[in-house]
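Below, read A as the first sequence line, B as the second, and so on, with proteins coming before strands; counting in each chain starts at 1.
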Number of protein chains: 2
Amino acid sequence: MTAILIVDDDKNILKLLDIHLVKQGYKVFQAKDGMEALEILRKESCDLAVVDVMMPFMDGYTLTKEIRNLYDIPVILLTAKSQIEDKELGFQAGTDDYLVKPFEPKELSYRIKALLRRYDHQADESILRTGNTTINQKSYEVQIGNRSYLLPLKEFELLSYLISHPRQVFSREHLIEQIWGLDFQGDERTVDVHIKRLRQRFSKLTDDFQIKTVRGVGYLLEVQRK
Amino acid sequence: MTAILIVDDDKNILKLLDIHLVKQGYKVFQAKDGMEALEILRKESCDLAVVDVMMPFMDGYTLTKEIRNLYDIPVILLTAKSQIEDKELGFQAGTDDYLVKPFEPKELSYRIKALLRRYDHQADESILRTGNTTINQKSYEVQIGNRSYLLPLKEFELLSYLISHPRQVFSREHLIEQIWGLDFQGDERTVDVHIKRLRQRFSKLTDDFQIKTVRGVGYLLEVQRK
DNA sequence: TTTTTTGTTCATTCTCCGTTCATATTCCAG
DNA sequence: CTGGAATATGAACGGAGAATGAACAAAAAA
């Protein structure tokens, strides 16, 4: 379940936000100031923080900086209308978004959704997509359209690596280091063979991607631009 | 320079946004409807799009979907206060942010900055640009518009070197030393052939750059002044 | 066990592309 | 205008690197 930390010195606002967010299906942690917020973050795992700017002891900007230093979660800053000039400060601190008070709870929801999706996108490495092709790193399956294929390990790892760094050339040496490990003793040409097999396996199945050769350098995976 | 596409059927708003964004140092393209927007995107390379929701022919959501299918740029949707219910639709289409009209230009600026920074994050340092042309030193690819070309190694290295020192003459000797290395034994005329190949490859593809001959001295790359 | 799959090596074939060379064209000094 | 020097261009070659097919050992599945 997605957990959200809300930080505000006004208990009424905390309560309002809590009700609204819980209704949306989030797990909510409340903090009345910066120190409490950091304490919660230390103990619990939160996916996003909503932080008020005006707070005693530690203002929202400072807290945001602190959070961003320690954790990789998005932060939404709440600012009063009069402080609109200060927004730049907030962004400079690495905030991902802000909201001007008073705001509709609905607006907050949308922002939260959008930010979470953005972060999930980057965080969820277990599924790779390009066009019609999906690579599921948990099941070691490659899906094209509605058919799915189970690849041999090395082939899968190779494709997986290439597809997660599209349009980038890798030398055989690099690929072996990444996929086989530093201690691999064998021949670099092994890569060639797996590339060959990937190519003949997929060339007539999809044009979502293509493995190209850069003579004298290595291989790269080209994704289809639509 | 960062280029922003603004799409709105209201000419006054277009003009206002244009003035504001140009003042901020952006290059601005204007489109009065979806079709025009897509046309511009096809021809020019834009880094971000600002799209009004209410437009004739093609609404902002549809346009956004279309843009996101074709290009990898963030989109900011502009919605009227009354349409706040529709926001979800916009996000579902893959929009990166939205703004409720009327908004302060400053607010737009901040959003743009934030989004661009987020996207730049993914962008790479090993990229050379001039006009519509992008040289990706990681993929050994040259992109012109939205088509990309994989060059032979030496041609790529030569172009790469020239384009990173535009308007500067280099002797064949110098180029050989830089690209082939000090130990190259061959004929200086080799450079000529690669220059020839670059020229015939790109002369009809783009006028972003041009390789010129300085008789008795060497070659230089001229970039298009806009 | 037998059978199949998978990872690697090896030998052969093939192809690309960097280079050279021969010829045509352009430039400019005189 | 003209001849000689520099550059452009077309063509061809040769070799290095890549593709490919086959073979084999090891592991997994039957």
- request: Look at the side chain of A:R215 and the base of C:dC17, then say whether one donor and one acceptor between them are separated by less than 3.5 Å.
  value: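 No such pair is found, so the answer is no.
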Minimum-distance nucleotide to [X] side chain [options: [options]]:
| X | options | answer |
| --- | --- | --- |
| B:D187 | D:dG21, C:dT20, C:dG7 | C:dT20 |
| A:H194 | C:dG18, D:dT20, C:dT8 | C:dT8 |
| A:P152 | C:dT6, C:dG18, C:dT19 | C:dT6 |
| A:Y219 | D:dA19, D:dA6, C:dT8 | D:dA19 |
| B:F184 | C:dT19, D:dT7, D:dA19 | C:dT19 |
| A:T190 | D:dA19, D:dA8, C:dT8 | C:dT8 |

task: Evaluate the side-chain proximity of A:L150 to A:F156: yes if any heavy-atom separation is below 4.5 Å, no if none is.
output: no
message: Without decimals, in angstroms, what is the distance between B:L220 CG and D:dT7 C1'?
response: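 My rounded result for the distance is 15 Å.
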task: To the nearest Å, give me how far apart OH (B:Y140) and P (C:dC17) are.
output: 14 Å
Test side-chain hydrogen bond (donor to acceptor under 3.5 Å, both in side chains) applied to A:R172 and A:D187, A:T190, A:D192, the passing residue: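 Output: one option passes, namely A:D192.
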- line: Contacts of A:R197 and A:R189 projected onto DNA chain D by closest heavy atom; the upstream (5') one is A:R189
Nearest atoms (heavy-atom pairs only) where A:V217 meets A:V169: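 Closest approach of A:V217 to A:V169, heavy atoms only: CG1-CG1, 3.6 Å.
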field: Nearest heavy-atom neighbours spanning B:D208 and B:T130
entry: OD2-O, 3.4 Å
What does [X] touch in the nucleic acid at a heavy-atom separation under 4.0 angstrom: a base, only the sugar-phosphate, or nothing?
| X | result |
| --- | --- |
| B:F156 | nothing |
| B:I195 | nothing |
| B:K196 | base |

